[in-house]
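The next block holds one structure in the form of structure tokens; read it before the comments.
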Amino acid sequence: LSEPSLLMQVMLCLVAAVEGGDTQLVWSVAKNLQADLDLQFSEINYMTVAQMVCTNIAAPLWGILADRGALRRKSILITGAAGQGTMVILLALMSLLPPMVVLRAITG
């Protein structure tokens with residue numbers, strides 16, 4: 001296996017940083033979620049747990065696709081970033097818990 005180019009490594013680090021920031025921002029706005037959407041703390045936890053479980057399921061699958069050459073790494077990064085961006089925009093439009101949990105899971 002060849003080592004990814006520097007550009008690919010930078011892109012991977014940026015995508016990972018965005019994903020980590022997304023997960024951490026939920027707790028930055030937890031009080032607002034409670035006040036504005038009348039969510040309980042446990043309901044906010046449901047969203048985070050759904051996202052983390054799906055992340056742990058999806059990560060090896062994406063890795064297998066990349067290692068076996070089924071998809072190019074650049075395609076995986078672009079698809080993941082575009083998909084996450086779309087889901088986060090949709091999440092911003094939601095005010096009910098069930099679709100919010102589903103969208104957080106999909107971002108995982």
Which residue pairs pass the ring pair (Phe, Tyr, Trp, His ring centres under 6.0 Å) test when at least one of the two sits in residues 31-61, sequence neighbours left out? W27-F41

Closest heavy-atom contact between Q40 and Q34? C-NE2, 4.2 Å

I need the M94 CE to M100 CE distance, nearest 0.5 Å. 9.0 Å

As a quick check of understanding, evaluate side-chain contact (heavy atoms from CB on, under 4.5 Å) for R73 and M11, giving each step before the final call. CA-CA 10 Å; R73 290 179 178 148; M11 287 175 56; over 6 Å; no

Minimum heavy-atom distance between C54 and A105, given as atom pair plus value: CB-O, 3.2 Å

Can you tell me how far the CG atom of L39 sits from the CG atom of L96, to the nearest 0.5 Å? 9.5 Å

Is it possible for you to say whether I106 and L97 belong to one hydrophobic cluster, with membership spreading through side-chain heavy-atom contacts below 4.5 Å? yes

In this structure, CG of L71 is separated from CG of L77 (nearest 0.5 Å) by 11.0 Å

Among residues two or more places apart or on two chains, list those pairs meeting salt bridge (charged side-chain N to carboxylate O under 4.0 Å, His left out) that have a residue in residues 95-104. D22-R104

Within a strict 4.5 Å, meaning less than it, do heavy atoms of the L37 and E43 side chains meet? no

Indicate, with yes or no, if M87 and L33 share a hydrophobic cluster defined by side-chain heavy-atom contacts under 4.5 Å among Ile, Leu, Val, Met, Phe, Trp and Tyr. yes

Count I, L, V, M, F, W, Y as connected when their side-chain heavy atoms are under 4.5 Å apart, and connections chain through other members. Are M8 and V10 then in the same cluster? no

Restricting to non-hydrogen atoms, name the atom on A66 and the atom on I76 that form the minimum distance, rounded to 0.1 Å. CB-CD1, 3.6 Å

Residue pairs, two or more places apart or on separate chains, that pass ring pair (Phe, Tyr, Trp, His ring centres under 6.0 Å) and touch residues 80-108: none

Membership question, hydrophobic clusters at under 4.5 Å side-chain separation (ILVMFWY): are I44 and V102 in the same one? yes

Here the gap from L90 atom CG to T107 atom OG1, rounded to the nearest 0.5 Å, amounts to 11.0 Å

Determine whether I78 and L7 fall in the same hydrophobic cluster, where Ile, Leu, Val, Met, Phe, Trp and Tyr are linked whenever their side-chain heavy atoms lie under 4.5 Å apart. no

